[in-house]
Student: 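Quick one: structure below, then a few questions.
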Number of protein chains: 2
Amino acid sequence: MEYYLNIIKQNNLKLTLRRIAVIKLLLNEHRLFTVAEVRHRLKNDFSRVGLPTVYRILQQFREIGLVQTALSANDHLRYFICTSRKHDHHHFICSQCDRVYCLDYCQQNQIEKYIETELHARADYHYLQIVGLCEHCRLPKAQDSD
Amino acid sequence: MEYYLNIIKQNNLKLTLRRIAVIKLLLNEHRLFTVAEVRHRLKNDFSRVGLPTVYRILQQFREIGLVQTALSANDHLRYFICTSRKHDHHHFICSQCDRVYCLDYCQQNQIEKYIETELHARADYHYLQIVGLCEHCRLPKAQDSD
DNA sequence: CTCTAAACAGAAAAGATTTTCATTAACGGG
DNA sequence: CCCGTTAATGAAAATCTTTTCTGTTTAGAG
Ligand SMILES: [Mn+2]
Ligand SMILES: [Mn+2]
Ligand SMILES: [Zn+2]
Ligand SMILES: [Zn+2]
């Protein structure tokens, strides 16, 4: 938590109550959120939360690398916070519960070579998103049936 | 060209002049297009092209797998057509000229094993986008200097 | 704690995307 | 071809997202 608040300060953004609430929400639940969902949750804590504020906060956080985005199946943008400190890694997203899992998996070197050989081009970075069913959603639970 | 028009028919969509024009445009230039760019180009051929029509055509094409989408650096959705018939492959996108190159590169098997081992989860599919400078844009051309 | 400068927040407006609906175009069977 | 069926189209409206602008909050100095 401290870590994330410091990033906000380091980027000359102020530690406002709304920003802190957004960080808390995304950290508590490691999953994808739409702008509307974030706003809906903030309404529990604040009497007023303007929609432009929520859009702005999420966009600013993305610009400073504090949160990341992923497209849902219907091409709608959603936000999540990455809890790993490693630079090069990617994410697994559960298509059922929208949870996000950081992965220690990155093939940048191999990709650079491939692109150089095949296209005579330079691979600067890549974006990898893996979608599937997480451990929780994969099998119906015996104890916790609905 | 025939190939793409057949896909349209096979999905119970009609071969309208606007749809054909969109396919032609995306095939002629292998690059990312925004909705506004596509519309601007169509205006050369048609006296009227409603913006909802362009949005609809591109979305429908995406739904039937005829075109694909990619996010630009500022998270704006853009469309391109994939000219390879192979099922599992990904794309290299030039950050300077927006050209798209199909790649014969896919690590689905390796990824499935990794996700099973690390997360006890099931990887159904993944999305990989590689960004860099293509052969044309990598080096300033000697002959064609500006 | 008080004060000031800088940045933030929400309301309203602008801009972008999607939906609705009446008209027009595509397609298949005479 | 001509017609009937079905789907596509654009205008207008609705919805979603971003910008503008002014009052409010934060942060840091004193
Ligand atoms: Mn991560
Ligand atoms: Mn391709
Ligand atoms: Zn899950
Ligand atoms: Zn290029």
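In the text below, chain A, chain B and the rest are named by the order of the sequence lines, each starting its count at 1.
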Student: List in numerical order all residues of residues 45-53 of chain A for which some heavy atom is under 4.0 Å away from an atom belonging to DNA chain C.
Tutor: A/Arg48, A/Val49, A/Gly50, A/Pro52, A/Thr53
Student: Got a salt bridge between B/Arg41 and B/Glu29, using NZ or NE/NH1/NH2 to carboxylate O under 4.0 Å?
Tutor: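 Yes, B/Arg41 and B/Glu29 are salt-bridged.
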Student: Mind checking side-chain hydrogen bond (donor to acceptor under 3.5 Å, both in side chains) for B/Asn74 and listing every partner two or more places apart, or none if nothing turns up?
Tutor: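 Checked B/Asn74 against side-chain hydrogen bond (donor to acceptor under 3.5 Å, both in side chains); matches are B/Ser72.
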Student: What residues in residues 17-24 of chain B put a non-hydrogen atom under 4.0 Å from any atom of DNA chain D?
Tutor: B/Arg18, B/Arg19
Student: Quick check: is A/Val131 connected to A/Leu139 through a chain of hydrophobic side chains (ILVMFWY, heavy atoms under 4.5 Å apart)?
Tutor: no
Student: Can we say B/Arg138 and A/Glu116 salt-bridge, meaning some charged N sits less than 4.0 Å from an Asp/Glu carboxylate O?
Tutor: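 Yes, B/Arg138 and A/Glu116 are salt-bridged.
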Student: What pairs meet the salt bridge (charged side-chain N to carboxylate O under 4.0 Å, His left out) rule with one or both residues in residues 8-18 of chain B, with sequence neighbours excluded?
Tutor: none
Student: Mind listing the N/O atom pairs, protein and nucleotides 27-30 of chain C, below 3.5 Å?
Tutor:
residue, atom, partner, partner atom, Å
C/dC27, OP1, B/Leu15, N, 2.8

Student: So which pairs with a foot in residues 123-134 of chain A pass salt bridge (charged side-chain N to carboxylate O under 4.0 Å, His left out), sequence neighbours left out?
Tutor: A/Arg122-A/Asp124
Student: Members other than A/Tyr105 in its cluster, when Ile, Leu, Val, Met, Phe, Trp, Tyr link by side-chain heavy atoms under 4.5 Å?
Tutor: A/Phe92, A/Tyr101, A/Leu103, A/Ile111, A/Tyr114, A/Ile115, A/Leu119, A/Leu128, A/Ile130, B/Phe92, B/Tyr101, B/Leu103, B/Tyr105, B/Ile111, B/Tyr114, B/Ile115, B/Leu119, B/Leu128, B/Ile130
Student: Among all residues two or more places apart in sequence or in another chain, which pass the ring-ring contact (aromatic ring centres under 6.0 Å, His included) test with A/His30?
Tutor: none
Student: Check the side chains of A/Glu112 and A/Gln108 for a donor-acceptor pair under 3.5 angstrom, ignoring hydrogens and angles.
Tutor: yes
Student: Which other residues belong to the hydrophobic cluster containing B/Ile93, where Ile, Leu, Val, Met, Phe, Trp and Tyr are joined when side-chain heavy atoms lie under 4.5 Å apart, directly or via other members?
Tutor: B/Leu32, B/Phe80, B/Val100
Student: Test question: given the 4.5 Å side-chain rule for I, L, V, M, F, W and Y, name all other residues clustered with B/Tyr127, or answer none.
Tutor: A/Tyr127
Student: Would you grab the first and last nucleotide of DNA chain D (5' to 3') that comes under 4.0 Å of any non-hydrogen atom in chain B?
Tutor: D/dT6 to D/dA12
Student: Could you tell me if A/His90 and A/His126 have a donor-acceptor pair between their side chains, going purely by distance under 3.5 Å?
Tutor: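 The answer is yes; a qualifying pair exists.
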Student: Would you say A/Thr69's side chain and A/Tyr79's backbone share a donor-acceptor pair under 3.5 angstrom?
Tutor: no
Student: Let's see if you get this right: which residues in residues 58-80 of chain B place a heavy atom under 4.0 Å from DNA chain C?
Tutor: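 Nucleic-acid contacts, sorted: B/Gln59.
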Student: Would you kindly give the CZ-to-C1' distance between A/Arg39 and C/dG10, to the nearest whole Å?
Tutor: 10 Å
